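Each remark here refers to the structure printed beneath this line.
Just the heavy atoms: all of them, side chains too, but no hydrogens, waters or symmetry mates, feed the values below. Here the structure is a predicted model, which means the values were calculated and not measured. Below, chains carry the letters A, B, ... as their sequence lines are ordered, and counting in each starts from 1.
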2 protein chains.
Amino acid sequence: MTEVAGTPQDTAEGSKSQRAYTAVTARIVDGTYPPGHRLVLAAIAQDLGVSVVPVREAIRRLEAEGLVTFQRNVGATVAGIDPTEYLYTMQTLSLVEGAATALSAPLIGPEDIVRARAVNEEMRTCLEHFDPVRFTRLNQDFHAILFEHCPNPHILDLVHRGWNRLASLRSSTFRFVPGRARASVEEHDALLVLIEAGADADAIERSARAHRSATLDAYLAHAQDTRP
Amino acid sequence: MTEVAGTPQDTAEGSKSQRAYTAVTARIVDGTYPPGHRLVLAAIAQDLGVSVVPVREAIRRLEAEGLVTFQRNVGATVAGIDPTEYLYTMQTLSLVEGAATALSAPLIGPEDIVRARAVNEEMRTCLEHFDPVRFTRLNQDFHAILFEHCPNPHILDLVHRGWNRLASLRSSTFRFVPGRARASVEEHDALLVLIEAGADADAIERSARAHRSATLDAYLAHAQDTRP
DNA sequence: TGCCTACCCTTCGTATACGATTTGGTACTC
DNA sequence: GAGTACCAAATCGTATACGAAGGGTAGGCA
């Protein structure tokens, strides 16, 4: 009865499960649902104009991806980023992103390099009046250019999942450790040089991984300084 | 480890979704549902004595993990392993397992080494009257000892997922390339020596990764020989 | 006054029901 | 005999309904 044959204008991705998944994911990533936010099935269902069943399935998928945590008979909440979780996620991301970048490298064309360099320049100018959110977004754009050609879809998927997890905290490490931003831009340049020169996969992987590990280390050092 | 015998209640893991997930996963891994097998919701539900709703959720989770493929309005089938998929999975596994092993290494005690060595000896004797299925099982046991201490749960989870994917093909590469089995046992010994000696993480990671990559390469070479 | 208990309300978990879609077979036509 | 169109069975997708589990609050008792 609710299924009006037609509705060709809305962004219906076919199944309502899928739509629910897309919608909730978007809201988590864009911050509408902040970390810790309680995801009430009925509320989301009503909001999307569907029943709870598709929403449940969407939540399950998000759970499997680690974007929400779930407790039986209690419900789902948007996964927070306690420091430990941040460490795990960054460590995993350094691993898979490093590999993805190395695997991509031979497939990265000159035009990609140009684009990446442009983004990095934008980041450099962004250093002046520093905006962590904007900087983080550019950072993601930069790396996306480098790893999106990864021919192994599993690894690429893992990279995306890692970035999604981090998306919960809107601004990443750079909010806490602005000093890291400048070094990051430099390392981007070095990484591009390596790729451009056709360095072997191992060198690129090491460089990309070290780049991310350094960000993690900066955060840890910062936490060490401020916490105890 | 995680299965503490303190819950003597019935086999129910609490929720029926969970039970369905566990049951279906087990049947895929143990080969009751072979690759390509069609998973009919109603049939599984009746078999488990529940309704279709929990089964649907279980299938969704399996889909997110890549163990089943799903087609809207058609249904789920157990994910097969076409050679391309095998390549991707092995490549990913070499990555995450290498890292997991390296991260575990400092936490591996002498008694673990003893156990691992025993398993490897069993594999060595197994070489005589070669049984691919048994050998593959021992191989998994061996590696499990080495990576289970991995302190990063994300990476550990990825390793488990990789192994689960491979479990679909009951006997792995060793069925096709029995010659690889002998080399594999040797490399296991070398890996144990490294860990025992407290080698640095990078060396261990390389060694573990190369070990798995070599298996993949052996398969690819074999495929090259027989296919064209 | 402070703590404990009992109740209620919110929210989840699962079953059942029904509409929607695909698929495979069969009959009809060219 | 081959191709196409149609029909029926199987199966999926989603809505609704109801029972169950948790958490919060008010009231009573020490």
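Side-chain N/O atoms of A:S17 include one lying less than 4.0 angstrom from OP1 or OP2 on D:dT14.
Under the rule for a side chain to side chain donor-acceptor pair (under 3.5 Å), A:R38 has no partner lying at least two apart in sequence or in another chain. Judged as a ring pair (Phe, Tyr, Trp, His ring centres under 6.0 Å), and not counting sequence neighbours, B:Y88 has no contacts. With sequence neighbours left out, the ring pair (Phe, Tyr, Trp, His ring centres under 6.0 Å) criterion links A:H154 to no other residue. Qualifying ring pair (Phe, Tyr, Trp, His ring centres under 6.0 Å) partners for A:H37, counting only residues two or more places apart in sequence or in other chains: A:Y33.
For the pair A:Q46 CD and D:dA15 C1', the computed distance is 14 Å after rounding to whole Å. We find that CG of B:L41 is positioned 12 Å from C1' of D:dA10, with the value rounded to whole Å. Atom pair A:L39:CG and C:dC12:C1' shows a separation of 13 Å (rounding to whole Å applied). Atom-to-atom, CZ of B:R72 to P of C:dA20 comes out at 12 Å; the value is rounded to the nearest Å. For B:F70 and C:dT22, the CZ to P distance is 13 Å, given to the nearest whole Å. Computed from coordinates, the B:Q18 CD to C:dC12 P distance equals 18 Å when rounded to whole Å. Distance, B:L48 CG to C:dG13 C1': 16 Å, rounded to whole Å. The distance between atom NZ of A:K16 and atom C1' of D:dG13, rounded to the nearest whole Å, is 9 Å.
When distances run from any side-chain atom of A:R38 to the nucleotides C:dT11, C:dG13, D:dT14, the shortest one goes to C:dT11.
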Would you list the atom pairs, donor with acceptor, under 3.5 Å between side chains in residues 44-51 of chain B and any protein atom, with sequence neighbours excluded?
unit_1	atom_1	unit_2	atom_2	d
B:D47	OD2	B:R27	NH1	2.6
B:D47	OD2	B:R27	NH2	3.2
B:S51	OG	B:V53	N	3.4

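Residues from residues 52-65 of chain A with heavy atoms under 4.0 angstrom of DNA chain D, sorted by number: A:V53, A:P54.
Remark on DNA chain D: of its neighbouring residues B:V40 and A:N73, the 5'-side contact belongs to B:V40, judged by nearest-heavy-atom nucleotide. If you find the closest nucleotide of DNA chain D to B:G75 and to A:V50, the one lying nearer the 5' end belongs to B:G75.
Looking at A:R165 and A:E65, their side chains never come closer than 4.5 Å, going by heavy atoms from C-beta outward.
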